[in-house]
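Position 1 is the first residue of the sequence, and the numbers go up from there. Any value given below was found using the heavy atoms of this structure, including those in side chains, with hydrogens, waters and symmetry copies removed.
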Amino acid sequence: QVQLEESGGGLVQPGGSLRLSCAASGFTFGGYAMGWFRRAPGKEREYVAAVSWSSTSTHYTEAVKGRFTISRDNAKNTLGLQMNRLKPEDTAMYYCAPLQRFGQNGFYELSEPNAWGPGTQVTVSS
């Protein structure tokens, strides 16, 4: 079964940086696109970024474009998210998930809709 474990979150001041990681197992990691999502209190889950299986394609939601960088290491079954110049509105629980597909218009399709991990909390505050 699909297992996802997010880590790396924490408390950081505005303008600071964090690097999130996602450890995946239970599926052929290198055969799937992967995405990062987040959910802030009182809001629905929001798509953040995606990367293709080979890292040849990436996409970012406009809110994080230019500040976040998604990456993956297929040999280690891990997904990363480098978060720079963080803003208070980035505060949320962050989750990773395998994707069947995604597009440059922000479209995505989850491959395992019920396989969310525990998430990792990112809090941006002074």
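No side-chain heavy atom of Leu4 sits under 4.5 Å from any side-chain heavy atom of Tyr95. A heavy-atom distance below 4.5 Å is not found between the side chains of Val122 and Thr91. Looking at Gln104 and Phe102, their side chains come closer than 4.5 Å, going by heavy atoms from C-beta outward. A heavy-atom distance below 4.5 Å is found between the side chains of Asn74 and Arg72. By the 4.5 Å heavy-atom criterion applied to side chains, Phe68 and Ile70 are not counted as neighbours. Residues Phe37 and Arg39 form no side-chain contact, since every pair of their non-hydrogen atoms from C-beta on lies 4.5 Å or further apart. Side-chain contact between Ser111 and Leu99 is absent, with no heavy-atom pair separated by less than 4.5 Å.
Closest approach of Tyr60 and Ala49 over heavy atoms only: CD2-CB, 3.5 Å. For the pair Trp116 and Ala97, the tightest heavy-atom approach, listed with the atom from each and the gap, is CZ3-CB, 3.6 Å. Met93 approaches Pro118 most closely through the heavy-atom pair CE-O, 3.2 Å.
Within a 6.0 Å sphere centred on NZ of Lys65, other residues, nucleotides and ligands contribute more than 12 heavy atoms.
Partners of Trp53 according to the ring-ring contact (aromatic ring centres under 6.0 Å, His included) rule, which considers only residues two or more places apart in sequence or in another chain, do not exist here. Judged as a side-chain hydrogen bond (donor to acceptor under 3.5 Å, both in side chains), and not counting sequence neighbours, the contacts of Thr123 are Gln121. For Tyr32, the ring-ring contact (aromatic ring centres under 6.0 Å, His included) criterion is met by Phe27, not counting sequence neighbours. Under the rule for a side-chain hydrogen bond (donor to acceptor under 3.5 Å, both in side chains), Gln1 has no partner lying at least two apart in sequence or in another chain.
How far OG1 of Thr120 is from OH of Tyr94: 10.5 Å, rounded to the nearest 0.5 Å. Here CE of Met34 is found 9.5 Å from OG1 of Thr78. Values are rounded to the nearest 0.5 Å. Considering SG of Cys96 and CD of Glu5, their distance stands at 9.0 Å, rounded to 0.5 Å.
For the salt bridge (charged side-chain N to carboxylate O under 4.0 Å, His left out) test with Arg38, the passing option among Glu46, Glu6, Glu89 is Glu46; the others fail.
Linking ILVMFWY residues whenever their side-chain heavy atoms come closer than 4.5 Å, directly or via other members, leaves Phe29 and Leu110 in distinct clusters.
For the residue pair Tyr47/His59, the side-chain donor-acceptor check at 3.5 Å is satisfied.
Formation of a donor-acceptor pair under 3.5 Å by the Arg67 side chain with backbone atoms of Arg85 is found in this model.
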Atom pairs and distances, side-chain donor-acceptor, residues 9-26, under 3.5 Å, sequence neighbours left out:
from  : atom 1 : to    : atom 2 : distance (Å)
Ser17 : OG     : Asn84 : OD1    : 2.9
Arg19 : NH2    : Ser71 : OG     : 3.3

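Pairs passing the disulfide (SG to SG under 2.5 Å) check and including a residue from residues 48-91, sequence neighbours excluded, do not occur.
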